Enquirer: 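Sending over a structure as structure tokens; questions will come in a sec.
Computed from a predicted structure; not experimentally measured.
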Amino acid sequence: MKTMKKLTALLLALCMALALCACSSGDSTPTPSAAPSEAGEPSAAPSAEASEPAQGGAAFTTVEEGKLTMSTNAAFPPYEMTTDSGDFEGIDVEIAAAIAEKLGLELDILDTDFDSALLAVNQGKSDMVMAGVSVTDDRLLVMDFSDTYATGIQVVIVKEGSDVTLDNLGEKMIGVQKGTTGWQYCTDDYGEEHVTAYDNGLTAVQALVSGKVDCVVIDNAPAQEFVKANDGLTILDTEYANEDYSIGVDKGNTALLDAINGALKELIADGTVQQIIDKYIPAN
């Protein structure tokens with residue numbers, strides 16, 4: 001009898017043990033499969049899967065999944081401009097497209113005025129700004145910048161036969177593009193009363209042609225295009241300022257900046273960036 005009781009108790013204990021094992025196995029089965037699904041959720045880091053293996057950096061997010069959004073002012077030839085069909089082209093556009101391809105993303109362009117293009121990265125409307133942007137102390141307060149990819153020269157456009165020189169520039173009315181370093185340099189050097197700011201370089205040049213301003217301070221590359229398109233204009237021989245162009249991202253967006261720098265470094269090393277620049281600014 002005692003033997004039967006012991007046997008019964010042993011069988012009951014064995015059944016309970018098997019039941020517990022079965023419950024434990026059932027509860028843990030979904031866990032391994034659920035964790036990778038959550039970690040790989042596209043909305044959490046839309047561009048990380050494409051960029052992380054190539055760049056070896058931390059995962060980053062973009063404004064729109066699968067896209068790299070670039071804010072710009074497409075009235076700054078040959079860096080960014082629109083074609084007759086309404087498409088975008090230029091040095092910045094092609095470099096941005098090459099960076100996006102390196103990161104496994106599609107380039108999306110947000111065209112606006114220059115000030116708004118800068119603000120877009122802080123407002124979450126764009127991932128980066130490329131518009132012939134140079135690094136300044138004020139911009140460093142709210143933005144981080146990539147490595148340099150091109151060099152810009154500030155020059156002065158005048159009418160042929162004009163008496164404007166660098167020496168008497170402060171006595172003239174200067175046209176500039178609003179929010180640019182040209183605007184900053186001129187207002188710092190000569191005061192706001194001698195500077196008129198316009199939404200883009202084209203409008204500033206049109207003001208020069210119509211006699212509303214005496215000269216225009218702008219980057220050399222677009223200056224050459226504007227002079228070529230407008231008879232009677234010329235560029236002063238002496239350069240006004242030199243600066244480097246970089247890509248701006250929101251302050252503290254280190255993961256995205258590292259990914260952009262990684263792609264940019266490869267594109268500079270393999271000659272892609274220089275080929276793009278030479279395409280639009282042929283060497284003399």
Side-chain angles (χ1 to χ4, degrees), residues 47-58 60 62 66-83 85 87-111 117 121 126-135 139 143-155 180-181 201 218-226 228 235 239 241-249 253-284:
S47 55
E49 288 187 13
S51 64
E52 194 171 350
Q55 305 302 329
F60 60 85
T62 54
K67 294 184 177 182
L68 183 67
T69 303
M70 159 191 164
S71 53
T72 192
N73 175 223
F76 193 68
Y79 285 89
E80 37 267 319
M81 49 204 170
T82 54
T83 65
S85 61
D87 295 327
F88 298 100
E89 65 177 1
I91 294 171
D92 286 348
V93 175
E94 291 202 22
I95 292 176
I99 290 172
E101 184 177 359
K102 284 279 186 185
L103 301 181
L105 302 171
E106 175 188 350
L107 179 65
D108 188 39
I109 295 178
L110 173 64
D111 182 24
V121 295
S126 73
D127 301 303
M128 64 182 191
V129 55
M130 291 183 74
V133 179
S134 52
V135 182
R139 290 172 186 168
M143 302 171 69
D144 289 328
F145 289 91
S146 72
D147 298 333
T148 297
Y149 65 89
T151 300
I153 300 171
Q154 294 280 328
V155 297
T180 62
T181 49
I218 197 168
D219 297 64
N220 182 57
Q224 297 288 347
E225 297 294 326
F226 290 137
K228 191 185 303 180
I235 299 171
E239 299 170 357
N242 286 271
E243 54 196 10
D244 295 324
Y245 293 154
S246 297
I247 302 168
V249 303
N253 197 348
T254 306
L256 177 59
L257 184 63
D258 288 347
I260 290 172
N261 268 333
L264 187 58
K265 183 177 180 180
E266 292 179 9
L267 293 167
I268 291 173
D270 67 16
T272 299
V273 168
Q274 192 58 53
Q275 288 172 9
I276 293 171
I277 292 173
D278 291 344
K279 173 183 174 180
Y280 290 93
I281 311 176
N284 294 325

Enquirer: Measuring only between side-chain heavy atoms, which start at C-beta, is M143 closer than 4.5 Å to V129?
Expert: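 M143 vs V129: side chains touch.
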Enquirer: G132 and F76: which non-hydrogen atoms are nearest, and at how many Å?
Expert: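 Looking at all heavy atoms of both residues, the closest pair is CA-CE2, 3.9 Å.
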Enquirer: Kindly indicate whether the side chain of L257, heavy atoms from C-beta on, has any atom under 4.5 Å from the side chain of S146.
Expert: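 The answer is yes; the side chains approach within 4.5 Å.
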Enquirer: Mind checking whether I95 and M70 have side chains closer than 4.5 Å, heavy atoms only?
Expert: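 They are not in contact (no side-chain heavy atoms under 4.5 Å apart), so the answer is no.
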Enquirer: Determine whether V249 and V121 make a side-chain contact, defined as any pair of heavy atoms from C-beta on separated by less than 4.5 Å.
Expert: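 Contact flag for V249/V121 side chains = no.
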Enquirer: So which atom in M130 and which in T72 form the shortest heavy-atom distance, rounded to 0.1 Å?
Expert: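 Looking at all heavy atoms of both residues, the shortest contact is O-OG1, 2.7 Å.
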Enquirer: Can you list everything that forms a salt bridge (Lys or Arg N to Asp or Glu O under 4.0 Å) with D144? Sequence neighbours excluded, please.
Expert: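 Scan of D144 (salt bridge (Lys or Arg N to Asp or Glu O under 4.0 Å), adjacent residues dropped) gives K251.
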Enquirer: A side-chain contact here means heavy atoms from C-beta on lying under 4.5 Å apart; do L103 and T62 qualify?
Expert: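 In short, these two side chains do not touch, never coming nearer than 4.5 Å.
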Enquirer: Just jot down the side-chain hydrogen bond (donor to acceptor under 3.5 Å, both in side chains) partners of D92, sequence neighbours excluded, or say none.
Expert: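 Scan of D92 (side-chain hydrogen bond (donor to acceptor under 3.5 Å, both in side chains), adjacent residues dropped) gives Y149.
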Enquirer: Could you tell me which non-hydrogen atom of L267 sits nearest to which non-hydrogen atom of D270, and how far apart they are?
Expert: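 Nearest pair, atom of L267 first, then D270: O-OD1, 2.9 Å.
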Enquirer: Measure the spacing between CG of N242 and CD1 of I153 and express it to the nearest 0.5 Å.
Expert: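 Separation between the atoms: 5.0 Å.
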Enquirer: Check whether any side-chain N or O of D108 sits under 3.5 Å from a backbone N or O of K67 as a donor-acceptor pair, and report yes or no.
Expert: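 Answer holds: no.
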Enquirer: What are the two closest non-hydrogen atoms of L68 and M128, and how far apart are they?
Expert: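 Scanning both residues, the minimum pair turns out to be CD2-CE, 3.7 Å.
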Enquirer: Considering non-hydrogen atoms only, spot the tightest contact between V93 and L107 and give its length.
Expert: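 So the two residues come closest at O-CD2, 3.7 Å.
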Enquirer: Do V133 and F145 have side chains that get closer than 4.5 Å, going by heavy atoms?
Expert: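 Result yes, sub-4.5 Å side-chain heavy-atom pair found.
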Enquirer: Below 4.5 Å, heavy atoms only, C-beta onward: do L105 and D127 meet side chain to side chain?
Expert: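 They are not in contact (no side-chain heavy atoms under 4.5 Å apart), so the answer is no.
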Enquirer: Under the rule for side chain to side chain contact (heavy atoms under 4.5 Å, CB included), what residues qualify as partners of E101, not counting sequence neighbours?
Expert: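 Here no residue qualifies.
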Enquirer: Under a 4.5 Å cut-off applied to non-hydrogen side-chain atoms, are F226 and P77 in contact?
Expert: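 Side chain of F226 against side chain of P77, heavy atoms only: contact under 4.5 Å found.
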Enquirer: Under the salt bridge (Lys or Arg N to Asp or Glu O under 4.0 Å) rule, collect the residues that match up with E243, sequence neighbours excluded.
Expert: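 Not a single residue meets the salt bridge (Lys or Arg N to Asp or Glu O under 4.0 Å) criterion with E243.
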Enquirer: Which residues pass the side-chain hydrogen bond (donor to acceptor under 3.5 Å, both in side chains) test with N220, not counting sequence neighbours?
Expert: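 side-chain hydrogen bond (donor to acceptor under 3.5 Å, both in side chains) check on N220 returns Q224.
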Enquirer: Output yes when a side-chain donor or acceptor of N261 lies under 3.5 Å from a complementary backbone atom of D147, and no otherwise.
Expert: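 Pair found, side chain donor or acceptor close to backbone of D147.
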Enquirer: Could you tell me which residues satisfy salt bridge (Lys or Arg N to Asp or Glu O under 4.0 Å) with K279, sequence neighbours excluded, listed by chain and number?
Expert: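 K279 satisfies salt bridge (Lys or Arg N to Asp or Glu O under 4.0 Å) with E94 only.
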Enquirer: What closest approach, in Å, do Y280 and P78 show between heavy atoms, and which atom pair accounts for it?
Expert: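 Smallest heavy-atom distance, with atoms named: CB-CB, 3.8 Å.
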Enquirer: Please check if the side chain of T69 supplies one atom and the backbone of S126 the other of a donor-acceptor pair under 3.5 Å.
Expert: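 Here the side-chain-to-backbone pair does not exist.
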